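Atom set for the values below is all heavy atoms of this structure, side chains included, hydrogens, waters and symmetry mates excluded. Given the structure is predicted, the values throughout are model-derived calculations rather than measurements.
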Number of protein chains: 2
Amino acid sequence: MTQSNRSLTLRDVSEASGVSEMTVSRVLRNRGDVSAATREKVLTAAKELGYVPNKIAGALASQRVNLVAVIIPSLSNMVFPEVLAGVSQVLEDTELQPVVGVTDYLPEKEEKVLYEMLSWRPSGVIIAGLEHTEAARAMMNASGIPVVEIMDADGEAVDAMVGISHRRAGRVMAASILEAGYKKIAFLGTKMPLDHRARKRFEGFTETLAKSGVEVTEREFYSGGSALAKGREMTKAVLDRSPDIDFIYYSNDMIGAGGLLYLMEKGIDVPGQIGLAGFNGVELLQGLPRQLATMDACRREIGVKAAEIIASRVQGEDTDNSVTLTPKISFGDTLRRQ
Amino acid sequence: MTQSNRSLTLRDVSEASGVSEMTVSRVLRNRGDVSAATREKVLTAAKELGYVPNKIAGALASQRVNLVAVIIPSLSNMVFPEVLAGVSQVLEDTELQPVVGVTDYLPEKEEKVLYEMLSWRPSGVIIAGLEHTEAARAMMNASGIPVVEIMDADGEAVDAMVGISHRRAGRVMAASILEAGYKKIAFLGTKMPLDHRARKRFEGFTETLAKSGVEVTEREFYSGGSALAKGREMTKAVLDRSPDIDFIYYSNDMIGAGGLLYLMEKGIDVPGQIGLAGFNGVELLQGLPRQLATMDACRREIGVKAAEIIASRVQGEDTDNSVTLTPKISFGDTLRRQ
DNA sequence: GTGAAAGCGCTAACAA
DNA sequence: TTGTTAGCGCTTTCAC
């Protein structure tokens, strides 16, 4: 309980226990053979002193850092924490530890965060998306460690990738909507030119519509604020402008839920008069009066697979370096089926 | 773009630029006077090589690590990410960087995470709650760095603390409920014996009720699953058992929202026949058809204050070491006022 | 304005 | 089973 300025070193434990620094180090790391008696002495001394090893020195000496950099755009929607949960679950069974960095969807910030993290010489990198600055790409290339790009499968990876095709997700949803006979379709999303995955979904979506000669009738984008509230407002705005809309595709489930609540309040027949769909498959929505049609983004699974790749590579094993998962569509109660 | 095994060192940059390692180091850290010409040479060489400094070596040599350990129970509800946002915002203007660890509300895991983080010799610690294992407390004491315990103000801090009194929050809510004339009161919460803050709210709540001779009629606890769905289910269960309940106090806004949606569907008069209140003031809820009564937990502000304390202390300045914030109650549309 | 020497606290490799 | 030696890649300090 004595508060000192300098923190304790191996030497202190060595002196307190009468065992060489090297042997103390061995005990503390469970490395090599140490007699039970010595081990006991060391452990007691370390505990008594309240010794906490200095990983900085350890890492420098051993040239090994058991950290995995996980770089994601945001923590403030449920999607990335769920990826993280998958990553943690897998790494828990290894020596590795995830360290999270957040980019706020800004490429320059991503570059900065990546630089910071690489300067700690982690054992691997898991990073969201396939779009990065030239410099970021170069750093990942030069790092010499395994790099897994996640969440997206439409593009080229620097090293390895695990994700879904958002373009395909957009196409599949468009096909289901057309098949159900909807014709006047609106798209509501976030005002995020840098959310490449939302953009790709939108591209796939319009592409499939176009093949049937259908165009998106209305679009609306928001930024900031409560997604639920924004979904509500935007839905109202769009329907006020174009009352003949018969389907709304939302770029995420949260704004979709807002729209759904709004339409229910208005007494509008969903999915009869208007159909709805979102994206993500967030568990949260399960408490809503009706289930929104959506597509699962396989978030947890992506985290799991990515972490497995890193873990194998760190062991020196070879792995797949490109895993594409296929999201399931769920029709819920807001997308009628023929 | 050449992928090598060994990563680059100062020496490499030194050789490439024909400038001593020491001067290269100075340029890269903007320390001391270096002529513009030399600076230029070094920067060019460093960029060309794709050199990323090794912070491990730097930290060991300088005995300084610009990391702040932030230890929280969970990322999967909106509350902690918002604290984090506050922390990040403040640290962004400093040399310091937050590093997040998650404990899942488990004391042993907290102890482990703390140990891991301290072994990287961070410049400060921000940790949720005032309840920790004996060992954790000892480590924080011995660390010799600023430690700020956050979110709670009911108890003793190891070093500094920033939070609200959850006991008081419970009392205030109870008083408002009694004042509004509600009598048959239920409590629905998480089955989390280790969520001390929820426990303290409940204690404050029952304490104030007791003073007016009122007892909590029904309690129900859940774990896992979608909070919205659970709120719905529990509300139904409780009302089926005790149809004369006239108020439900939820331990968080999410289950409260589930309850609210359920009651609205049932056509029950809220807040006339049954009143509702939650806790947290989550922005998400702003899209609901009616506003749930709640109390703001001052999450972002707590993060801001805590980070400010760390930042000041790292500068060697003195600061308050105990900040108690006062949450505002918002009555919304689910708690009638006289 | 620039460089040389010493050492941060640990671990790899070897010796005893 | 235990100890000794020599760095890991940087920064501090001091000399020039």
Side-chain angles (χ1 to χ4, degrees), chain A residues 4-43 45-46 49-66 95 116 118-123 143-144, chain B residues 4-43 45-46 49-66 95 116 118-123 143-144:
Chain A
S4 78
N5 228 338
R6 187 181 65 66
S7 57
L8 297 159
T9 68
L10 267 188
R11 170 175 223 93
D12 296 305
V13 182
S14 166
E15 280 168 4
S17 62
V19 175
S20 79
E21 284 189 42
M22 195 54 233
T23 303
V24 172
S25 168
R26 282 197 268 256
V27 172
L28 265 20
R29 285 176 301 143
N30 291 312
R31 278 277 191 296
D33 295 320
V34 180
S35 73
T38 319
R39 151 174 253 86
E40 196 53 41
K41 266 194 288 187
V42 170
L43 256 18
L49 294 172
Y51 172 69
V52 177
N54 186 331
K55 287 219 179 187
I56 306 210
L60 183 62
S62 67
Q63 304 282 66
R64 257 178 294 108
V65 179
N66 296 325
E95 298 270 71
E116 286 295 329
L118 287 181
S119 74
W120 287 102
R121 300 292 188 268
S123 291
S143 70
Chain B
S4 78
N5 227 338
R6 186 181 66 67
S7 56
L8 296 160
T9 68
L10 267 188
R11 169 174 225 93
D12 295 306
V13 182
S14 165
E15 281 168 4
S17 63
V19 175
S20 79
E21 285 189 42
M22 194 53 236
T23 303
V24 172
S25 167
R26 280 197 268 256
V27 171
L28 264 21
R29 283 176 302 141
N30 291 311
R31 279 274 192 296
D33 295 320
V34 180
S35 73
T38 322
R39 152 175 253 86
E40 196 52 41
K41 265 194 289 188
V42 170
L43 256 19
L49 295 172
Y51 172 70
V52 177
N54 186 330
K55 286 219 181 191
I56 306 210
L60 183 62
S62 67
Q63 304 283 70
R64 258 177 293 113
V65 179
N66 295 324
E95 298 270 71
E116 287 294 330
L118 287 181
S119 73
W120 287 100
R121 300 293 188 268
S123 291
S143 71

Note to self: Under 4.0 Å from OP1 or OP2 of C:dA4: is there any side-chain N or O of B:Ser20 that close?
What the structure shows: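 So the side-chain polar atoms of B:Ser20 never come under 4.0 Å of the phosphate oxygens OP1 or OP2 of C:dA4.
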
Note to self: OP1 or OP2 of D:dT2 versus the side-chain N and O atoms of A:Ser35: is any pair under 4.0 Å?
What the structure shows: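 Affirmative; the distance criterion is met.
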
Next item on the list: Using salt bridge (charged side-chain N to carboxylate O under 4.0 Å, His left out) as the criterion, list what pairs up with B:Lys55, not counting sequence neighbours.
Entry: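 Listed in chain order: A:Glu116.
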
Check: Who pairs with B:Arg29 by salt bridge (charged side-chain N to carboxylate O under 4.0 Å, His left out), at least two apart in sequence or on another chain?
Finding: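 If we apply the salt bridge (charged side-chain N to carboxylate O under 4.0 Å, His left out) test to B:Arg29, skipping adjacent residues, there are no hits.
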
Whole angstroms only, please: what is the [atom1]-[atom2] distance between [X] and [N]?
{"X": "B:Lys41", "N": "C:dG1", "atom1": "NZ", "atom2": "P", "result": "15 Å"}
{"X": "A:Leu60", "N": "C:dA12", "atom1": "CG", "atom2": "P", "result": "12 Å"}
{"X": "B:Gln63", "N": "C:dC10", "atom1": "CD", "atom2": "C1'", "result": "12 Å"}
{"X": "B:Trp120", "N": "C:dC10", "atom1": "CH2", "atom2": "P", "result": "13 Å"}

Who pairs with [X] by side chain to side chain donor-acceptor pair (under 3.5 Å), at least two apart in sequence or on another chain?
{"X": "A:Ser20", "result": "A:Thr23"}
{"X": "B:Ser14", "result": "none"}
{"X": "B:Arg26", "result": "none"}
{"X": "A:Asp33", "result": "none"}

Note to self: What's the angle between the local helix axes at either end of the helix from C:dG1-D:dC16 to C:dA16-D:dT1, using five pairs per end and rounding to 10 degrees?
What the structure shows: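 Computed angle between terminal axes is 30°.
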
Item checked: Inter- and intrachain pairs under salt bridge (Lys or Arg N to Asp or Glu O under 4.0 Å), touching residues 7-23 of chain B, at least two apart ->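 Only B:Arg6-B:Asp12, B:Arg11-B:Glu15, B:Arg11-B:Glu21 qualify under salt bridge (Lys or Arg N to Asp or Glu O under 4.0 Å).
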
Item checked: Under 4.0 Å protein heavy-atom contact, by nucleotide of nucleotides 10-16 of chain D - B base, S sugar-phosphate only -> BBB----

Item checked: Polar side-chain atom of B:Ser17 near backbone of B:Ala45 as donor-acceptor pair, under 3.5 Å ->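 Here the side-chain-to-backbone pair does not exist.
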
